[in-house]
There are 2 protein chains.
Amino acid sequence: MATSRRPTLADVAERVGVSAKTVSRVLNSDGPVSAATREKVMAAVTELGFRPNLMARNMRVGARDSTIGLIVPQIANPFFGSVADGIEDAIRDRNLTLLLGSSDEDPEKEQVVVSSFLARRVTALMIVPSVDGDHRYLRRERSSGLPLIFIDRPGSGVTADAVVSANTEGTHDGVAHLIAHGHRRIGFIGDVPSSLYTRKQRQRGYRATLQAAGIPYDPALVADAHSPTVAGGAVRRLLALPQPPTALFTANNFASLGALTTLSADRRKDVALVGFDDLPLADLLEPGLSVIAQDPAMLGREAALLALSRLDGDRTAARTATVPTRLIPRGSGELPPPPG
Amino acid sequence: MATSRRPTLADVAERVGVSAKTVSRVLNSDGPVSAATREKVMAAVTELGFRPNLMARNMRVGARDSTIGLIVPQIANPFFGSVADGIEDAIRDRNLTLLLGSSDEDPEKEQVVVSSFLARRVTALMIVPSVDGDHRYLRRERSSGLPLIFIDRPGSGVTADAVVSANTEGTHDGVAHLIAHGHRRIGFIGDVPSSLYTRKQRQRGYRATLQAAGIPYDPALVADAHSPTVAGGAVRRLLALPQPPTALFTANNFASLGALTTLSADRRKDVALVGFDDLPLADLLEPGLSVIAQDPAMLGREAALLALSRLDGDRTAARTATVPTRLIPRGSGELPPPPG
DNA sequence: TTGTAGGCGTTATCAA
DNA sequence: TTGATAACGCCTACAA
């Protein structure tokens, strides 16, 4: 397997008997080239299997690599996968490529990946920030003009664009839905740590909705969970209260999963449940899981559009785009409270 | 927001009063540098916020970009997301970055993405091939030494490494499991087109297992489906046969979903079901869905290891690595056939 | 319609 | 221990 050097523009030029610049012109449909020359060049390109070197091109042309760097906590998570899909879809036409890294929710890992992306001179940087991260180190990049966009949660310590779900409004919709079905004691199981942006936004929606309905806010009905197991425990604890909730709002996927598992194991088919974020198979359960569905692909698309507009010269102040959520009733959120 | 030019090696050098090469030496711990010089250089680097330009470095040094290109049908699919996670995890230590593109199962889109990756001079290329794709166009790359690894399904028209799941063995395990629980009429719902690699491998396992158990192969029990809806229809058709199956083996996720939905809608809790590939929430159903679970992260990891060994000079013949599957009984696969 | 000179930011080579 | 020069592959600017 002879590892022959890849042909360059000069190789093609030599073969045809023209200058490198002429070959370049043909390939980029740049200046004028005679039909005959063009044809000969194209033939040589095919024959040699020449492919222009994008690294060299980018270096000369833009000083930026034609990539968008995206950092997510975990690629395997379909939510972030959809975000990536949305981005890729929106940047493809612009001949931009997606560079993907994962942080594992660890701010240090995140910074390492960011560094490697910056070293590559990505055209724009998109980050789903890790919990408790500090993004002050990105200030310099921001001020040097790099489009920086936070997704799902805003970054901290640096002013930048952001695209987030309608957390507060979505939670409002879910909780109001439960209230409309007669519930007045509604448990809330949220993210850990409770300082997390999405947690705060959603809990805010929960609280405001109760208040608007004239229902007192009871801290005893609020629990934390960062895993299905812990959420399951929280569900049991809430349901064992002297005045237990008749409905639950699980503010994230893991909490929903935990609640489902526990309610199913304990044969509690009387507790109403609405979850934030949709789950596959959620409609096959009995009852189906009512959810506030997010639109992760749209998050990605909006982020990409924001980035592209920045690249196109939009120098207006940093802004936050909000992507709407959608209530999907499937049964669990429409259960009535027990007659008692 | 003044868009100041990024500092270069020369800028740092000028500030310190040394040559660019000296700065380069410090940063790469290359040749000898006096402690005093090193210190001054590092200070200037920090002060200016200098970050070496990887594009320029790669161009000078290797003529290859330090990236691994991965092309999958759809990033949002958690299966492929896990593959990507496995790869990223394995290449991170080697200072390689993941370049991710999606093909949408369209061979032409796939080729476009591949081209753009080749233009970037990726260090290695990994592809989950689209249906009916033809990879002859990659022969030249292969012979020029580019590590090329197909994942989940082998490529066609080019000899290359591959990493696949134990499709035949896994299906054997699932079908044998149903037989062990007393079933003799077992339906099979497979991928479309039926020429698909995974489809063929799995159907092979199905057929061989029946044969080994002395059960005649009945083509009437075999159906195709590429979506949950179609799969659902197939389920109804099979169950309406004069001699309907008492158990089903759904050879992929979509088929499993469709079967679940339809069985649930038709209140058919008497039909045993084993699916190939795990589903989230599968254990919350009643009964839980028994599956042959794949290990996508391991697929990615193996692919990465294969690529790295090629990069390290492994010039042995192309090989195919097989990643084992695992039977997870959860109830649906253990239902007995009706007494009749 | 085509070619030449120079440079993007880095490192290899050789000399000082 | 350090520096000057050339080169990686391509494109911009200008000239022919």
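Proteins get letters first, then strands, A, B, ... in listed order; numbering begins at 1 in each.
Looking at residues two or more places apart in sequence or on another chain, you find no salt bridge (Lys or Arg N to Asp or Glu O under 4.0 Å) involving B:Asp152. By the side chain to side chain contact (heavy atoms under 4.5 Å, CB included) test, A:Met55 pairs with A:Asn53, B:Asn58, B:Asp65, B:Arg121, sequence neighbours left out. For A:Asp132, there are no salt bridge (Lys or Arg N to Asp or Glu O under 4.0 Å) partners at least two apart in sequence or on another chain. With sequence neighbours left out, the side chain to side chain contact (heavy atoms under 4.5 Å, CB included) criterion links A:Ser82 to A:Pro296, B:Ala76. Partners of B:Asp93 under the salt bridge (Lys or Arg N to Asp or Glu O under 4.0 Å) rule, at least two apart in sequence or in another chain, do not exist in this structure. Here A:Arg136 pairs with A:Asp134, A:Arg139 under the side chain to side chain contact (heavy atoms under 4.5 Å, CB included) rule; sequence neighbours left out. Remark: A:Phe150 pairs with A:His135 by the ring pair (Phe, Tyr, Trp, His ring centres under 6.0 Å) rule, at least two apart or across chains. By the ring pair (Phe, Tyr, Trp, His ring centres under 6.0 Å) test, B:Phe79 is found to be paired with no residue, residues two or more places apart in sequence or in another chain being considered.
With a 6.0 Å radius and a threshold of 12 heavy atoms from other residues, nucleotides or ligands, B:Glu14 has its CD atom at or below the threshold. Within 6.0 Å of CZ in B:Arg15 there are 12 or fewer heavy atoms belonging to other residues, nucleotides or ligands. Counting heavy atoms of neighbouring residues, nucleotides and ligands inside a 6.0 Å radius, atom CD of A:Glu47 exceeds 12 of them.
Close to C:dT1, at under 4.0 Å from its OP1 or OP2, lies no side-chain N or O of A:Thr22. For C:dT10, the OP1/OP2 oxygens have no side-chain nitrogen or oxygen of B:Ser24 closer than 4.0 Å.
Only A:Phe50, A:Pro52, A:Asn53, A:Ala56, listed by number, bring a heavy atom of residues 41-56 of chain A to less than 4.0 angstrom from any atom of DNA chain D.
Within the 4.0 angstrom heavy-atom criterion, only backbone atoms of the sugar-phosphate kind lie near A:Leu9; the bases stay farther away. If you check every strand for non-hydrogen atoms under 4.0 Å, A:Asn58 touches nothing.
Between the CG atom of B:Asp65 and the C1' atom of C:dT10 there is a distance of 14 Å, given to the nearest Å. Atom C1' of nucleotide C:dG9 and atom CG of B:Leu27 are separated by 13 Å, given to the nearest angstrom. Between the P atom of C:dG7 and the CE atom of A:Met59 lies a distance of 13 Å, rounded to the nearest Å.
A distance-only check finds no donor-acceptor pair linking the side chain of B:Ser130 to the backbone of B:Gly133 [under 3.5 Å].
Looking at every heavy atom in both residues, A:Ala162 comes nearest to A:Leu306 through O-CD2, 4.2 Å.
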Could you pull out the protein-nucleic contacts involving nucleotides 12-16 of chain C (nitrogen or oxygen on both sides, under 3.5 Å)?
unit_1, atom_1, unit_2, atom_2, d
C:dA12, N7, B:Lys21, NZ, 3.4

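From one end of the helix from C:dT1-D:dA16 to C:dA16-D:dT1 to the other, with five pairs defining each end axis, the axis direction shifts by 40° (rounded to 10°).
For DNA chain D, the outermost nucleotides in 5' to 3' order that have an atom under 4.0 Å from a heavy atom of chain B are D:dT1 to D:dG9.
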